[in-house]
Amino acid sequence: MTFGAAAFLLAALAAVIPPILHMINRQRAKQLPFSTLRFLKISVQKTRRRRQIRDLFLMLVRMAVLVFIAVGLARPTLSKLRGLMGGGQSAIAIVLDNSASMGWIDQGRPRFDVAINAANQILNELQMGDEVTLWLTSGPRYPEVGQVDRTHEKVRQLLGQIAQRGPTFERGELGHLVREARHQLLQSQAANRYVFVITDNQTVAWEDLFIEQRTGDKTPDTEPEKTVDPRLRRIPVVFVDCHREPKPNVAIRKVELATILPVAGIPMKVIVELFNASTIPQQRVAELYVDGTKMGTSPEISLPPQSSAVTEIVFMLSRGGTHQAEVRISGEDGARFDDRRYLAIEVDANIPIAIVTQERHEIPYLNDSFYLEKALQPVSEESWALKPTILTAANLTNDPLSNYRIIYLVDLPEIDEVIARRLLEFVETGGKLVWICGQDTQIASYNAAHEASGGRLLPEPLDTIMAPGIEENRDSWQITWLDGQHPALVGLNEPPSLYQSVLVYKYIKARHGAGSESRVLARLDGEGDPILLEKRVGQGSVIWLGTSVHVDWTNLPLRPLFVPLMTRLAFYLSGTEPETLAVLAGQPIVIPYQGQMPPSVVEVVPPDGSLSRLNVERGQSPDFRYTETHAVGHYLFRLLASVRPIQKIYAVNPDPDESDPEKIPRDQLETAFSESPVIFAEDPENLAATFALLRHGRSLSELFLTIVLIGLVFETFISNWFSPKEEEQQPKLLSLYRPSRRLARLAE
Amino acid sequence: MSPQSAYRYMEPSALARVKNLQLVARGVVEGFVSGLHASPYKGFSIEFAEHREYVPGDDPRHLDYRMFARSERLYIKQYEEETNMRVQILLDISGSMNYRHEAKITKLEYGCYLTAILAYLMTRQQDSVGLTAFDDEIRLDMPARSSPRHFNEMMRQLESLQPGKTTGLASVLHKLANRFKKRCLIVLISDLYDDVDKVIRALHHFRHRKHEVILFHIFDKAELDFPFDDLVLFHDLETDEKIQVDPLYVREEYQKLLSEFVAEYRRACLESAIDYVMTDTSVPYDFMLSRYLTKRNQL
């Protein structure tokens, strides 16, 4: 503690006056005779303690009051901060939170406006030669950010630019920024150094600070803190909190695309999750737009306070390709940045499948794959989701297999090395293989290819051909079990007659045993041999049908089960997780080349519609990275490769955590920065009081004078409480003559 | 007998106030002169007392013929014989009686005035009056006489009385109770600052010997009101002890103790049929006595 007028402390000597007066009063008692002291002695004894306590109390209170008056007049100040801003050169770091949440409207004004105003106030407070550095939590990397500016001009210009752009759509992380700012201030020679943090103090913005503390991670960034540079501890942190009373807000927290098959003509749905951050119930309606056209509206959603709700919008796309979708909610609320979410939807026009046979007959029904082709394409219209292409084995050698989603191999006699390798590569990169055996299937060749592939070309190695006569009294086998849990077979096992009516006259037995990685989808009676198997290989899968799809081997093609089984399997095999074509603002968009030749030029069309051409250095990188995702919306990329250009659309959205209104408590910040002085500016709109506090320290005069006032009231109270009451102070008259009761009775 | 205004303690105005009053013994007293007071002996006199059935040998002049007419039985009348009263005034002259705060006279002087006027009253009634002055010992002892010369001597002795030292009230009263053989009226004038139980027992001693007692309890007004404000160093008039007192703090407790002190005497006197009269020196003694005698005579 320091004193502005220390001379007044001498007045504290007046505290000796009460004891002196007490002594004087004792000596000045007047002397009087009295008839007898018998009653006085007893009275004095009984009241002595009360009087002593009162006198002591009063004396102490009066002494304390005099001391506190003297101290109060001496203008005491808490000098922890004093001198930091008044006198000597200063170095200031301004950490400005320009994350998405700063766009929230508080008391009719965006937080970011308040923040910019506060930053300008700080700049106006600086003097020539003072150093200032501006740090931003998010947004583009300006070259001026983090650079010491002694003229203040660059920082002002940057601040003007930032003010014009407004808050970003990105998440802000303050912990590491404050740390960086303080480390930089250590390099300064200025006498007074401090950090101003202008933020809305969202809890999520400080998560990086507390994660380190919780997990005890000693990252390189935190290591210097642990070693504790004492100068670092003397750099105070001033928090300018722009968070006031936020307007009620409903945010789109999450949007997901759900579809069993991303193919045009197949219904799909968008699942929208909304969050009501306010303390009052809200109602909203969500709308879906695809390529600028409204595709659907959700029912009205009621949101209780502080809770979320989910709704769905079902829609269907009529053409394949990449579509730009957007979910919007309407309604005036506290933040606009979280009222829209963008999606990029890639759908195929149809599912390209290949049916590979050894040869083609002129008479179609003679082909082994006749029934299969009919099952997979019952109609010849373009709108049909499945688009089979008939290939021969020779096509497998040369044609790009990636053109197809599924390849059906129908009764190929043998599999040579090239075909095996290409098929394996096809499967491992996500393709689906369906093996359908037949009369020409050479088990040895298949097994050799399977073995050469490391056991990944087939679900299982093959065993023998099972035909009538092998088992006594048996001319066929029945399907006795169908895996009703499999996504492609759900519902096909009821009624059981659906699959039990299928007779298999001939089949190739697969060696499936305990510990096998393949999954059995159907079994025959008898020894229970699997007739339909599936196995995951790499990113794809292989399916084995142990019998033919021709009537020579089974009546399956003629049974009602056949068509739904084949189409269901086809759709199942075609279905994939919709590719995530969305990132959060500020995060890089990564476009993998997927084994293809890297492009030399990439054209980028960001949401504002401008076109950029970026030259790509061909190096070891397996993907293209684009980091300028500061705006939200759709980004169109054209990777102009020499072979074939790839067009991709990505959606960039605001970080949903920025819609979380939870604010970090002050005591947590004080704890986190406990080694340094911490100040909280009371009014971000007017920092004059904060500057005065920094300049002069916290005045304690008012505190001491308040104590004096309380002391005087207390003294009066004590004095009255211990003193005789009013009636006691008035001499009470004892009655004089009072006749005895006997005389009084006689008088009556 | 005319008022002796030449004596210090004889104020004509006071005497004038009480001149028509009498102090009559409430009980029977033994006297040798036929006077105001009832004699324990029943004989033939002016005052009718009661009837008694006629027995052969009684004087037929006292037959009550009215009673005979009513009851057809013979009764004779009995008469009360009046006699004079012996009064012994016991005056406390201990050091505490010499106290005065703002009053004109000390308690002792008040007591002397009271003694004088009582003596005058008794003498005028042709009753005998004596005076015993004491502190811790008997300092003056005048037996009861009714002559004017005795009265004058008593006045002179009163004027020469000086305040004594410590109080020995109880022991002196016991001694005196043993001394008075014949029934008389004892008038005690004191501030009673002695052991309460012992004094009460001494008073009971008088009553046990069939003496009538009147007790005048004298205070100074300051003793009752305790009007002091500032810090005071009191010293005891009898023992010279000193004590510093903050009156604001002790007043209530002091008055409470004093009230208990007075109440105890009052209760004891009531139980013993002793007239208890409390007064202070601010009340004119003649007024106080006049009021007391008037009420006493009415009962």
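Every chain is numbered from 1, with letters handed out A, B, ... down the list of sequences. What you see is a predicted model; the values in this text were computed from it and never measured.
- B:K242 touches chain A through backbone and side chain together, each having a heavy atom under 4.5 Å away.
- Salt-bridge annotation for B:K107 and B:D191: present, with a side-chain N of the basic residue lying under 4.0 Å from a carboxylate O of the acidic one.
- The two residues A:L40 and B:I243 come nearest to each other via the heavy atoms O-CD1, 4.2 Å.
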Could you walk me through whether A:K41 and B:E241 pass salt bridge (charged side-chain N to carboxylate O under 4.0 Å, His left out), step by step? CA-CA 10 Å; A:K41 281 190 216 171; B:E241 272 181 275; 2.8 Å; yes

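- Of all the listed residues (B:N98, B:T239, B:D194), the one sharing the greatest number of non-hydrogen pairs under 4.5 Å with chain A is B:D194.
- Looking at B:F219, there are no atoms closer than 4.5 Å to chain A (heavy atoms on both sides), in backbone or side chain.
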(message) The test is ring-ring contact (aromatic ring centres under 6.0 Å, His included); show your working for B:F261 and B:Y193 and say whether it passes.
(response) CA-CA 9 Å; B:F261 170 74; B:Y193 284 139; 5.7 Å; yes

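- For a residue to count as touching a neighbouring chain, one of its non-hydrogen atoms must lie under 4.5 Å from one of that chain's; by this rule B:D246 touches chain A with the side chain only.
- In terms of heavy-atom pairs under 4.5 angstrom with chain A, the leader among B:D240, B:V232, B:L233 is B:L233.
- Side chain of B:Q255 to main chain of B:L224: a donor-acceptor pair is present (N/O by atom type, distance under 3.5 Å, no hydrogens or angles).
- A distance-only check finds no donor-acceptor pair linking the side chain of B:D135 to the backbone of B:T167 [under 3.5 Å].
- For the residue pair B:S96 and B:E238, a side-chain donor N or O sits within less than 3.5 Å of a side-chain acceptor on the partner.
- No side-chain heavy atom of B:E212 sits less than 4.5 Å from a side-chain heavy atom of B:I274.
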Please walk me through it: do B:Y285 and B:F287 pass ring-ring contact (aromatic ring centres under 6.0 Å, His included)?
CA-CA 5 Å; B:Y285 64 93; B:F287 173 78; over 10 Å; no

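- Contacts between residues 59-69 of chain A and chain B, defined by a heavy-atom separation under 4.5 Å, are made by no residue at all.
- Residue A:K30 touches chain B through both its backbone and its side chain, counting heavy-atom pairs closer than 4.5 Å.
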